[in-house]
Amino acid sequence: MAPKEKDCSNKTSSGKAMVRTKSKSPAVSPTTLGDLPDKLLEHILVRVASPVWLARAAATCKRWRRIAANDNFPFHMDHRLPNPVAGHYHSRRRPDGRDRSSRLITFVPSSSTAALGVDARRHFSLDFLPGGRSSWDLVDSHSSILLLAATSSTRRRGHRRGLFPDLVVCEPVTRRYKLIPRMEEMKHQRCLGVFLQSYPTSSTSNRSSIMSSLRVICVVYIEYSGVSDGMGTVRACVFDPNGSNSWKPRPRSACWYMFKPSWSMAKHGIHLRGSEHARLLGHAAGAVFWAVGGDDTLLVLDKWRTEFEVLRLPGSVRASGLRAIVDGGNGDNDGKLRVVCLDEENVVRVFATWRGQHSNGEWVLQKSLRLEESTMGLAGYKAGRGGAAMVVAAATAGSVVLAPVDEMTWMFSVDLETMEIAECKEV
């Protein structure tokens, strides 16, 4: 006798019709390790701390064992794969122009990300942050960690732009974040910059603790009481997720604290004529640099020691002409710096100097370029564009991106090695 087929009708055994209810669509499941392609999983497994851990990882499941047992798996330390660069976050002006103070953050994937089969929009989105990505401005980054400050639209009521901000530290690939409220004692002080600084901890090797191995440094300008001309000084406020503090008893939990200046800094002092005279130039050789107008000096923050110093500029360089300071590009941590200057005649000059144990105070002119003549062959060039006042839109160890102050849509890059110019459609 032929087997009976399953009755798929909407009737009960009594013959009554059943009302089929419309089921809700299932929620989108979160990303798991099972969603990663084999090539990306290989990059993860090859970075475990020891062969013992690799053996334990290979025993987790058949897929991991197959990847670790592959003949092409770079098991030995000297054959490890290079660190893949997933891409970069770009901070762009909003196309609608509604809020000129805030910017739109977008992720631009690298070619290696596409080769690994990674969905950049899914894995590196900032939509998990409180208020969404439009509520935050990108201010610094370190490896896979981002530091963002509250935008003008989400800033607390009565909190003016440029003062000590509310912050958030996040890791997009794991969708983790930590809100860092402002330091209440400093809420009315001008903020000259906020930065991430890494330092070793006992658990740094654990990937889940990478956010605990980063400190946040906020540099504030404190105006002297009873002194004219807005004279003041600078101080470093530090947020330590582990609650460590090198000069007073260890707090029990994460907190902000004012870093105590060294004896030398306290003796000589750092005096500025208003916060508007300090202009941020960039990061290089483990330090942050500001040009101090009027005094023709450099204000330098050593992020590792959390110490400030003031350097006198050579006679041929004015603080008003300084545009960017980047690493020298040797990759050997010798303290070499490249200083990009731009004078009133739009002549770009690149100097080489050193800091740390290799410093001798000498500034060596390496390259120079007259922009008005060099930009004539670029697409989109108009008469007078090359002679207009320029601003540095972005700077790296190898190049800078320049644009006219009044026309940021026309940008071009200058290679600091060859001084070749190329048009840029975006930073």
Side-chain angles (χ1 to χ4, degrees), residues 27-31 85-110 113-114 118-184 186-187 190-196 210-211 214 216-219 239 241 256 280 282-283 391-395 401 403 405-411 424-427:
V28 179
S29 59
T31 303
V85 177
H88 303 273
Y89 285 92
H90 289 198
S91 182
R92 295 186 175 93
R93 291 178 180 271
R94 295 183 177 275
D96 53 18
R98 288 179 300 176
D99 188 357
R100 305 186 73 179
S101 63
S102 63
R103 303 173 73 88
L104 186 64
I105 304 172
T106 57
F107 182 80
V108 179
S110 65
T113 304
V118 177
D119 184 355
R121 181 172 296 183
R122 178 183 180 187
H123 291 289
F124 300 99
S125 171
L126 299 180
D127 58 1
F128 64 93
L129 293 177
R133 64 173 182 170
S134 61
S135 301
W136 304 93
D137 283 332
L138 183 62
V139 293
D140 199 10
S141 64
H142 178 85
S143 186
S144 62
I145 304 299
L146 304 180
L147 175 64
L148 303 101
T151 62
S152 57
S153 59
T154 55
R155 204 171 290 127
R156 302 190 200 187
R157 186 176 181 181
H159 193 65
R160 294 178 299 168
R161 180 175 176 83
L163 301 183
F164 205 113
D166 291 309
L167 303 165
V168 63
V169 176
C170 72
E171 187 175 39
V173 72
T174 60
R175 302 179 72 82
R176 294 182 301 140
Y177 68 88
K178 180 179 180 61
L179 291 170
I180 303 178
R182 68 191 182 194
M183 187 176 183
E184 286 300 316
M186 296 286 119
K187 64 182 180 182
R190 303 292 296 183
C191 173
L192 301 185
V194 190
F195 316 100
L196 287 172
I210 186 172
M211 292 179 67
L214 293 170
V216 178
I217 302 176
C218 182
V219 178
F239 182 88
W256 282 103
L280 183 63
H283 306 237
V391 64
V392 173
V401 177
V405 174
D406 299 326
E407 198 171 357
M408 290 293 291
T409 56
W410 186 63
M411 297 181 289
C424 292
K425 292 187 177 180
E426 62 180 26
V427 179

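- Atom SG of residue C191 and atom CG of residue L167 lie 8.0 Å apart, to the nearest 0.5 angstrom.
- In terms of heavy-atom proximity, F195 sits nearest to H283 at CD2-CE1, 3.2 Å.
- With rounding to the nearest 0.5 Å, the separation of CZ in F164 from CE in M186 is 8.5 Å.
- Judged by distance alone, the side chain of W256 and the main-chain N or O of E184 form no donor-acceptor pair under 3.5 Å.
- Remark: D166 CG to M183 CE distance equals 14.0 Å, nearest 0.5 Å.
- Nearest approach of P165 to R182, heavy atoms of both residues: O-CB, 3.6 Å.
- Classification of the F107-F124 ring pair by plane angle, with boundaries at 30° and 60°, yields parallel.
- Screening L179, L148, L146, L147 against V169 for a side-chain contact (heavy atoms from CB on, under 4.5 Å) leaves a single residue, L147.
- Here the CD atom belonging to E171 is positioned 9.5 Å from the CG atom belonging to L214, to the nearest 0.5 angstrom.
- Proximity of a side-chain donor or acceptor of W136 to a complementary backbone N or O of P130 within less than 3.5 Å is detected.
- Under the 4.5 Å side-chain criterion, counting only non-hydrogen atoms from C-beta, V194 is in contact with V216.
- Proximity of a side-chain donor or acceptor of D140 to a complementary backbone N or O of L196 within less than 3.5 Å is detected.
- Inter-residue side-chain proximity for R176 and I145 is flagged as unmet; no heavy-atom pair is nearer than 4.5 Å.
- Side-chain contact between L163 and R190 is present, with heavy atoms from C-beta onward closer than 4.5 Å.
- Atom CG of L126 and atom OG of S135 lie 11.0 Å apart (nearest 0.5 Å).
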